[in-house]
Each structure stands twice: as structure tokens, then as C-alpha cells.
Amino acid sequence: MSPDDWQTHVTTEAAFAMGRWLEARGRLDRPIASLTRKDLECMASNAISRFIVLASERRTQAPEPEERAALDLLLMG
């Protein structure tokens with residue numbers, strides 16, 4: 001998978017993580033403007049967690065040393 005394809009994949013997975021959190025929370029009929037700061041923090045936490053898992057997996061599989069180094073910076077920097 002190219003870096004661009006991987007970025008698209010990660011963005012989609014983060015969106016799915018946010019969607020799963022919203023569905024589990026319920027009340028999907030409410031406008032997004034009604035979300036509290038805590039709600040937004042929880043959604044962000046889920047998306048970030050998903051990114052960390054995917055980036056960690058990608059780092060172990062990254063064929064290019066440059067990509068591996070970039071993921072090291074994101075994960076540990």
C-alpha cells in the first residue's frame with residue numbers, strides 16, 4: 001500500500017472510530033452542535049487511538065526506511 005493509500009485508509013478508519021463512538025452514545029438525531037466538549041474529546045480519543053494502532057502496524061510493515069522513520073516521529077516524537 002502506498003503512503004497515500006495508507007493515509008486514506010487511516011482517515012477512513014478514524015472516521016469509522018468516531019462513528020462507532022457516536023452510535024454507541026446514541027441520540028444520533030441530535031445536531032452535532034449539541035455535542036459537549038467531553039463528547040468531542042471522546043471522539044478525538046477514539047480516532048487517535050485507532051491511528052496509533054494502525055500506524056504501529058504500518059511501522060512494522062513499512063517497506064521504505066523513510067516511511068518507517070516518519071512513523072517513528074509520529075508515534076514517539
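We number each residue from 1, following the sequence as shown. Atoms considered below: every heavy atom in the structure, side chains included; atoms not considered: hydrogens, waters and symmetry mates.
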Answer yes or no: are there more than 12 heavy-atom neighbours, outside Ile32 itself, under 6.0 Å from its atom CD1? no

Distance check, rounded to the nearest 0.5 Å: Ser2 atom OG versus Glu64 atom CD? 11.0 Å

Treat each ILVMFWY residue as a node, draw an edge where side-chain heavy atoms are under 4.5 Å apart, and state whether Phe16 and Met18 are in one component. no

I need the minimum non-hydrogen distance between Leu28 and Leu22, along with the two atoms involved. CD2-O, 3.5 Å

To the nearest 0.5 Å, what is the distance between OG1 on Thr11 and CZ on Arg50? 12.5 Å

List the steps and the verdict of side-chain contact (heavy atoms from CB on, under 4.5 Å) for Arg58 and His9. CA-CA 11 Å; Arg58 177 73 176 178; His9 171 69; over 6 Å; no

How long is the span from the CG atom in Asn46 to the CD atom in Glu41, to the nearest 0.5 Å? 12.0 Å

Among the clusters formed by ILVMFWY side chains lying less than 4.5 Å apart, do Trp6 and Val53 turn up in the same one? no

Verify same cluster id: Met43, Ile48 (apolar side-chain graph, 4.5 Å): no

Worked check of side-chain hydrogen bond (donor to acceptor under 3.5 Å, both in side chains) between Asp39 and Thr36: CA-CA 5 Å; Asp39 292 333; Thr36 65; 3.2 Å; yes

Exercise: identify the closest heavy-atom pair between Pro31 and Ser34: O-OG, 2.7 Å

